[in-house]
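The block underneath contains the structure these notes are about, expressed in C-alpha cells.
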Amino acid sequence: MEPKTPARRVLVAKPRGYCAGVDRAVEAVEKALEQYGAPIYVRKQIVHNTHVVRTLEERGAIFVEETAEVPEGEIVVFSAHGVSPMVHAEAGQRQLRTIDATCPLVTKVHNEAKRFANQDYDILLIGHEGHEEVEGTAGEAPDHIQLVDGLDSVDRIQVKDPSKLVWLSQTTLSVDETIETVTKLKERFPTLLDPPSDDICYATQNRQVAVKEIAAQSQLVIVVGSENSSNSKRLVEVAKGFGAASYLVDNASFVKDEWLEGVTTVGVTSGASVPEELVDGVLAYLAGHGFADVEEVESVKESMRFALPHELRKDLRAN
C-alpha cells in the first residue's frame, strides 16, 4: 500500500494587510485626484508598498522625494509616515497646498515629543535610522531627541539629567524587540519614564500576534510586503522567532518553488500597507502547487477607522 501523502494546507493570518492609517492615506490621494484632477504630488511614498505607489502613479500621482521638487502653488500630499515641522515650513514658503495624510497614531507620537521637549526632557526615540517616520518625529524636537537603533546603541546614550528622561518609539517596530530595548535602557537609566500610552500601533501589534499563531503551526511563512516596509520586515523576524522559515515577497512572482520542498503547512500574512489582491496572488500560486486547503486564522478583531484629512473637506484650488 502506497504511503499516504501528508495533506498540504495554508494558514492565512487575520488581521493582515491594510491598517486604518494606510487605508486613510491611500484614500486621501485617490480623493485628491478625484476632486482636483491630475497631477497630485506626493512627498515620499504615500505608504511603503511598490504596487500601491505604481497604481497611484497610473492615476496621475507624482511621487517626489522633497517639497522642492513640487512646482509652486501645486497640491502636495504628505505621506502616512509624517513629516517634520521643517517640511511644513518649506511647503509654506513654496505656497504649496498641503494635504497631511500622516497616520493619527504617528501624530500622537509627534505630540508626545513636543510635550516632553517643552518640559525639557531628554527623549530616547527607539526606531530605525533613516526611516521617514523617525525623521519626522525627531524633527519635532531635534535638540531633545536621541535615536536608539538596536540594543548596541544603548551604551552610547548620553543624557543631561537621568531624572528627566522618557522613551518614545517608531510605531511599526517589533513589540518584543522594543520591550528588550526598553529593558536594557532601564538597566542604565532606572528612572526612565514610559510614554503615556503605547506608541507601537495597534495594527503592528495585532499583525505580530497573528503571525505568531500561524508560525507556530507552519514550516514556512510567506509575508507579502515591500522591502522598505518596516512592519512587514518585522513580521518575517517574528515568524522566524517561532521556528518557521520565513520570506518577504512583493507579490507571487517572488515566491520560489524550492521553499515548498518538504513543507506541508504554509502560513501567509501581509504587512499593513499591502492590498489584499497581492495576498490573493500568493494563495493562487500556492493552490497551483497543491496547497488548496486554505484556513483563515483570526487572532484579533479589528474595527478601527480614521476620518480623511480635513484638507479634503475644503477647496484647495480656490484662489
Would you check if the side chain of [X] reaches a backbone N or O of [Y] as a donor-acceptor pair within less than 3.5 Å?
X      : Y      : result
Ser218 : Ile214 : yes
Ser270 : Gly17  : yes
Ser174 : Glu177 : yes
Arg188 : Val154 : yes
Thr172 : Thr204 : no
Asn49  : Val274 : no
Glu133 : Gln170 : no
Thr171 : Val106 : no
Arg9   : Ala292 : no
Arg94  : Val70  : yes

Is there a side-chain contact between [X] and [Y] (heavy atoms, below 4.5 Å)?
X      : Y      : result
Val87  : Phe78  : yes
Asn206 : Glu302 : yes
Asn251 : Val282 : no
Asp293 : Val10  : no
Ser153 : Gln146 : no
Val134 : Glu129 : no
His48  : Gln45  : yes

Shortest non-hydrogen contact from [X] to [Y]?
X      : Y      : result
Arg8   : His289 : NH1-O, 2.7 Å
Leu147 : Gly127 : CD1-O, 3.7 Å
Ser84  : Gly139 : CB-CA, 3.8 Å
Val224 : Asp250 : CG1-O, 3.8 Å
Leu173 : Gln208 : O-NE2, 2.9 Å
Ser169 : Thr178 : CB-CG2, 4.5 Å

Do Ser163 and Asp161 pass the side-chain hydrogen bond (donor to acceptor under 3.5 Å, both in side chains) test, and can you show the C-alpha distance, the side-chain angles, and the key distance before you say yes or no? CA-CA 5 Å; Ser163 68; Asp161 181 358; 2.7 Å; yes
So, Thr98 versus Glu311: side-chain donor-acceptor pair below 3.5 Å or not? no
Is it the case that the side chains of Asp280 and Tyr285 hold a donor-acceptor pair, with the cut-off being a distance below 3.5 Å and no angle test? no
Pair [X] + [Y], salt bridge at N-O below 4.0 Å:
X      : Y      : result
Lys233 : Glu227 : yes
Arg97  : Glu72  : no
Lys108 : Asp198 : no

As a quick check of understanding, evaluate side chain to side chain contact (heavy atoms under 4.5 Å, CB included) for Val268 and Leu286, giving each step before the final call. CA-CA 10 Å; Val268 174; Leu286 291 171; 3.7 Å; yes
Under the salt bridge (Lys or Arg N to Asp or Glu O under 4.0 Å) criterion, do Lys184 and Asp152 qualify, and how do the steps go? CA-CA 10 Å; Lys184 188 169 181 181; Asp152 291 345; 5.3 Å; no
Set of residues satisfying side chain to side chain donor-acceptor pair (under 3.5 Å) with respect to Ser79, sequence neighbours excluded: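 By the side chain to side chain donor-acceptor pair (under 3.5 Å) rule, Ser79 matches His81.
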For Val83 and His88: C-alpha separation, side-chain torsions, deciding distance, then whether side chain to side chain contact (heavy atoms under 4.5 Å, CB included) applies. CA-CA 7 Å; Val83 297; His88 283 285; 3.4 Å; yes
Once you round to the nearest 0.5 Å, how far does [atom1] of [X] lie from [atom2] of [Y]?
X      : Y      : atom1 : atom2 : value
Asp100 : His310 : CG    : NE2   : 7.5 Å
Phe116 : Leu168 : CZ    : CG    : 6.5 Å
Asp149 : Thr181 : CG    : OG1   : 9.0 Å
Leu165 : Leu192 : CG    : CG    : 5.0 Å
Leu220 : Glu261 : CG    : CD    : 11.5 Å
Glu112 : Trp167 : CD    : CH2   : 9.5 Å

Just distance, no hydrogens or angles: give the donor-acceptor pairs under 3.5 Å from side chains in residues 18-31, sequence neighbours left out.
| residue | atom | partner | partner atom | Å |
| --- | --- | --- | --- | --- |
| Asp23 | OD2 | Arg305 | NH1 | 2.3 |
| Arg24 | NE | Ala307 | O | 2.6 |
| Arg24 | NH1 | Thr102 | O | 2.8 |

Walk me through whether Arg234 and Ser230 qualify under side-chain hydrogen bond (donor to acceptor under 3.5 Å, both in side chains). CA-CA 6 Å; Arg234 300 294 83 72; Ser230 176; 3.0 Å; yes
Which of Glu276, Glu213, Glu298 passes salt bridge (charged side-chain N to carboxylate O under 4.0 Å, His left out) with Arg16? It is Glu276
Show me, pair by pair, the donor-acceptor contacts under 3.5 angstrom made by side chains of residues 55-66, not counting sequence neighbours?
| residue | atom | partner | partner atom | Å |
| --- | --- | --- | --- | --- |
| Thr55 | OG1 | His51 | O | 2.8 |
| Glu65 | OE1 | Lys44 | NZ | 3.0 |
| Glu66 | OE1 | Arg43 | NH2 | 3.0 |

Report the residues that fulfil side chain to side chain contact (heavy atoms under 4.5 Å, CB included) with Glu135, sequence neighbours left out, ordered by chain and then residue number.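 Side chain to side chain contact (heavy atoms under 4.5 Å, CB included) check on Glu135 returns nothing, list empty.
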Students often mix this up, so state it plainly: with edges at 30° and 60°, are the rings of Trp259 and Tyr247 parallel, tilted or perpendicular?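 Because their plane-to-plane angle is under 30°, the rings of Trp259 and Tyr247 count as parallel.
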Report all side-chain donor-acceptor pairs from residues 117-125 shorter than 3.5 Å, counting only partners two or more places apart or in another chain.
| residue | atom | partner | partner atom | Å |
| --- | --- | --- | --- | --- |
| Asn118 | ND2 | Lys114 | O | 3.2 |
| Asp122 | OD1 | Lys160 | NZ | 3.1 |
| Asp122 | OD2 | Lys160 | N | 2.8 |

Evaluate the side chain to side chain contact (heavy atoms under 4.5 Å, CB included) criterion for residues Tyr202 and Leu105: first the C-alpha distance (whole Å), next the side-chain angles of each, then the deciding distance (0.1 Å), finally the verdict. CA-CA 9 Å; Tyr202 79 95; Leu105 300 177; 3.6 Å; yes
Test side chain to side chain contact (heavy atoms under 4.5 Å, CB included) on Val266 and Val221; report intermediate values, then the result. CA-CA 6 Å; Val266 179; Val221 173; over 6 Å; no
With sequence neighbours left out, what residues match Phe291 under ring pair (Phe, Tyr, Trp, His ring centres under 6.0 Å)?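 Listed in chain order: nothing, the list is empty.
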